[in-house]
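The next block holds one structure in the form of structure tokens; read it before the comments.
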Amino acid sequence: MKREKIMAPKGVSEYLPPRSASFEWVREKLINPAKLAGYQLMELPVFEDTQLFSRGVGESTDVVSKEMYTFEDRGGRSITLRPEGTAGVMRAVIEHSLDRGQLPVKVYYSGAFFRAERPQAGRYRQFYQVGVESIGIDDPAIDAEIIALADNAFKSIGLKRYRLEITSLGDQASRAAHRSDLVQFLAGLDLDDATRARAEINPLRIFDDKREEIKALMVGAPLLIDYLTPESKANFDQVRTYLDALKISYVINPRMVRGLDYYTGTTFEFVHEDLGAQSGIGGGGRYDGLMHTLGGSDLSGIGFGLGVDRVLLAAEAEGVLALSEFVSDLYLIPLGESSKQAALLLAQELRGDGFQVEIAFGDRALKGAMKAADKSGSAYAIVLGDTEVSSGVVELKRMSDGQVSSVKMSELKSALSERKQ
RNA sequence: GUGGGCGUAGCUCAGCUGGUAGAGCACUCGGUUGUGGUCCGAGAUGUCGCGGGUUCGAGCCCCGUCGUUCACCCCA
């Protein structure tokens, strides 16, 4: 019987050693600024009621209309694998009445998200995102803090070749005024059917078209940023003032388009230069009506999502990963059955004191075991044979230069911590 | 969903106009008794993505399929 090799589903990202260490490091760095600012973890289900996304993210978006993993569970409920994080957070806030408590609600999340797209560089069907949300208070200073959190995260990783683009989508009135002018403008253009169809769904989309001829046509298009109501404009100006004070550089991109329908007001995107077509490493913005749409109170919120996979790619492209490979403190090489037991005991004891200790299992030849010790990146190695077990004295070998010193097993702990400095 | 490139040992790849497979790295063992990184030697590993077809004969040609990759679209 021939057995088919089972492979991972198409387009998922996986991280194995040694790269998984970099992935883990990047993810930690991305979320750390939020923790320092008092944001707390929200661990949510990866699948939700399909309606959460169709109502929250918007039926007209590509994400909802053609990229969701939707299925029926055994109880006949329509379930969807989360394509983004904000909707789930809002659902949880409403469901558990967090909006009745102290505001703003400040949370962060980290996990896998799913979108049934054609895989590409930096675009996966299962991908990882960390995000933060600040819900309940509409204050431009929060907008600035949120943007600063993301910017700090990228800086702490050491990224330099990225830029921050911001704009304001304004309030309801601003968008309505702009939309009618834009629709009129688009009607006067000579567009192909597919493009016109996209314009039907969301006229802003055309700003994002990458074809030169379309870009040229759009040069004279009315810009939403010129239609901001006085309040919206003042709000946006205030955000910019704060960003300037924080010395966070940005470019205003009035043509920026976001793919999730719930965004309003301040909207931003971080774009990396070395990433190819999928260059967005993070983005977010304010969402005024979302909570209300989902059946909660009418509170404003703002947040971002950062793509861990893409940031890792960017960090690799910039060469900023401090590739500190797995380094353990001690590598034990037992020779023979009795010393194997001694090695297990010794390792257990030292690990209890916080040392990283590995053992060469499988009765390997000494040469091979030493080789393994070398590869493991251990600082020290000890050969444990009958002699050592009975005498209680071991030869502690420093792997960097091969220097050996005799140490009593009972004093190993202090010897190791002394040398660790 | 649309289009292009690619698919040969764990990895990176070579394989001339079709004659049933190789290199480097990695891996295991050894270079006399229990000490790694260099060097030397030996060894293991592939149904050449899968399925059809053309042919006396296919890793090389054709078709399909799956996977992968890049771009469009979209987005993290």
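Naming: A, B, ... by sequence-line order, numbering from 1 per chain.
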Check: Can you tell me the Watson-Crick or wobble partner of A42(B), both distances under 3.5 angstrom?
Finding: U28(B)

Checklist line | Rounded distance in Å between the P positions of G1(B) and U65(B) | finding: 13 Å

Next item on the list: Would you mind classifying the nucleic acid contact of G131(A) as base, sugar-phosphate or nothing, using non-hydrogen atoms under 4.0 angstrom?
Entry: nothing

Note to self: Heavy-atom nearest nucleotide on RNA chain B for R364(A) versus A372(A): which residue maps closer to 5'?
What the structure shows: R364(A)

Checklist line | Trace of the side-chain hydrogen bond (donor to acceptor under 3.5 Å, both in side chains) decision for T167(A) with T267(A) | finding: CA-CA 5 Å; T167(A) 189; T267(A) 310; over 6 Å; no

Margin query: Check for me whether the distance between the ring centres of F47(A) and F71(A) falls short of 6.0 Å.
Written below: no

Margin query: Distance check, C1' atoms only: C13(B) and G37(B), in whole angstrom units.
Written below: 27 Å

Next item on the list: Using whole Å, report how far CD of E117(A) lies from C1' of C73(B).
Entry: 9 Å

Note to self: Before you tell me yes or no, could you show the steps for E358(A) and S328(A) under side-chain hydrogen bond (donor to acceptor under 3.5 Å, both in side chains), namely the whole-Å CA-CA distance, both residues' side-chain angles and the distance that decides it to 0.1 Å?
What the structure shows: CA-CA 7 Å; E358(A) 292 187 67; S328(A) 50; 2.9 Å; yes

Margin query: Using the C1' atom as the point on both nucleotides, what is the distance between A26(B) and U2(B), in whole Å?
Written below: 40 Å

Margin query: Is it true that R27(A) and S22(A) share a donor-acceptor pair across their side chains at a distance under 3.5 Å?
Written below: no

Next item on the list: Compare side-chain N and O positions of Q120(A) against OP1 and OP2 of C70(B) and report whether any pair is under 4.0 Å apart.
Entry: no

Checklist line | Donor-acceptor pair present, K397(A) side chain and G36(B) base, under 3.5 Å | finding: yes

Notebook entry, point to check: Whole-Å distance between C74(B) C1' and I281(A) CD1?
Noted result: 18 Å

Note to self: Within the 4.0 Å heavy-atom criterion, would you say G122(A) contacts the bases, only the backbone, or no part of the nucleic acid?
What the structure shows: base

Next item on the list: Could you check how far CZ of R115(A) sits from P of C74(B), rounded to whole Å?
Entry: 13 Å

Margin query: Between R175(A) and G170(A) (side chain of the first, backbone of the second, donor and acceptor by atom type, cut-off under 3.5 Å), is there such a pair?
Written below: yes

Note to self: Side chain of E67(A) only, heavy atoms from C-beta on: which candidate in G36(B), C74(B), G34(B) is closest?
What the structure shows: C74(B)

Check: With rounding to whole Å, what would you report as the distance between G51(B) and C40(B) at their P atoms?
Finding: 41 Å

Margin query: Side chain of Q129(A), heavy atoms from C-beta onward: which of G34(B), C74(B), A76(B) has the nearest atom to it?
Written below: A76(B)

Next item on the list: Among G34(B), A71(B), A76(B), find the nucleotide with the atom closest to the side chain of A277(A).
Entry: A71(B)

Next item on the list: Report yes if a side-chain nitrogen or oxygen of K66(A) is closer than 4.0 Å to either non-bridging phosphate oxygen (OP1 or OP2) of C73(B); otherwise report no.
Entry: no

Check: Rounding to the closest angstrom, what is the interatomic distance between G67(B) and A21(B) at atom P?
Finding: 30 Å

Note to self: Base of G31(B), side chain of K367(A) - is there a donor-acceptor contact under 3.5 Å?
What the structure shows: yes

Next item on the list: Whole angstrom is fine here: how far is it from CE in M256(A) over to C1' in A76(B)?
Entry: 14 Å

Note to self: Rounded to whole Å, please give me the gap between NZ in K371(A) and C1' in G31(B).
What the structure shows: 12 Å

Check: Which part of the nucleic acid does D401(A) contact within heavy-atom distance under 4.0 Å: base, sugar-phosphate only, or nothing?
Finding: base

Note to self: Is it the case that the ring center of F23(A) lies less than 6.0 angstrom away from the ring center of Y15(A)?
What the structure shows: yes

Note to self: Classify Y128(A) by what it touches in the nucleic acid, base, sugar-phosphate, or nothing, heavy-atom distance under 4.0 Å.
What the structure shows: nothing

Notebook entry, point to check: Does the side chain of V12(A) come within less than 4.5 Å of Y124(A)'s, by heavy atoms?
Noted result: no

Notebook entry, point to check: Does D374(A) get its side chain close enough to the base of G37(B), under 3.5 Å, for a donor-acceptor pair?
Noted result: no

Check: Contact class for E388(A) (heavy atom, under 4.0 Å): base, sugar-phosphate, or nothing?
Finding: base

Next item on the list: State the pairing partner of C73(B); accept Watson-Crick or G-U wobble contacts with both distances under 3.5 Å, and report none otherwise.
Entry: none

Check: Given that P9(A) and S279(A) both sit by RNA chain B, which one's nearest nucleotide is further toward the 5' end?
Finding: P9(A)

Item checked: Nucleotide A71(B), atom C1' - distance to CZ of R123(A) in whole Å -> 10 Å

Check: Are Y128(A) and F113(A) close enough that their ring centres sit under 6.0 Å apart?
Finding: no

Note to self: Only pairs with both distances under 3.5 Å count, Watson-Crick or wobble alike; so what is the partner of G7(B) in this structure?
What the structure shows: C66(B)

Check: What integer number of Å spans the P atoms of C70(B) and U12(B)?
Finding: 14 Å

Next item on the list: Would you mind pulling out the nucleotide paired to G37(B), Watson-Crick or G-U wobble, both distances under 3.5 Å?
Entry: none

Note to self: Contact list please: residues 24-36 of chain A against RNA chain B, heavy atoms, distance less than 4.0 Å, in numerical order.
What the structure shows: none

Item checked: C1' gap between G49(B) and C60(B), integer Å -> 16 Å

Notebook entry, point to check: Between F154(A) and F270(A), how do the two ring planes meet: parallel, tilted or perpendicular, split at 30° and 60°?
Noted result: perpendicular

Margin query: In whole Å, measure the gap between the P atoms of C29(B) and G36(B) for me.
Written below: 13 Å

Notebook entry, point to check: Does the ring of F127(A) meet both stacking tests against the six-membered base ring of A76(B): centre distance under 5.5 Å and plane angle under 30°?
Noted result: yes

Margin query: Just the rounded figure in Å: distance from P of U33(B) to CG of L366(A).
Written below: 11 Å

Note to self: Among G30(B), U35(B), U2(B), which nucleotide has an atom closest to any side-chain atom of E395(A)?
What the structure shows: U35(B)

Next item on the list: Would you kindly give the CE-to-P distance between M399(A) and G37(B), to the nearest whole Å?
Entry: 9 Å

Next item on the list: Determine: side-chain N/O of K10(A) to OP1/OP2 of U68(B), distance under 4.0 Å, yes or no.
Entry: yes

Notebook entry, point to check: Touch check for T387(A), heavy atoms < 4.0 angstrom, all strands: base, sugar-phosphate only, or nothing?
Noted result: base

Note to self: R286(A) vs D138(A), test: salt bridge (charged side-chain N to carboxylate O under 4.0 Å, His left out). Steps then yes/no.
What the structure shows: CA-CA 9 Å; R286(A) 189 161 277 285; D138(A) 189 358; 3.4 Å; yes

Item checked: Verdict with reasoning, R419(A) to S405(A), per side-chain hydrogen bond (donor to acceptor under 3.5 Å, both in side chains) -> CA-CA 12 Å; R419(A) 277 157 233 239; S405(A) 46; 3.0 Å; yes

Checklist line | Base-pairing assignment for A23(B) (Watson-Crick or G-U wobble, both under 3.5 Å) | finding: U12(B)

Note to self: Need one value for A373(A): base, sugar-phosphate or nothing, where a base atom within 4.0 Å counts as base even if backbone is also close, heavy atoms only.
What the structure shows: nothing

Next item on the list: Taking only the side-chain heavy atoms of R118(A) (C-beta and beyond), determine which of C72(B), A76(B), G34(B) contains the nearest atom.
Entry: C72(B)

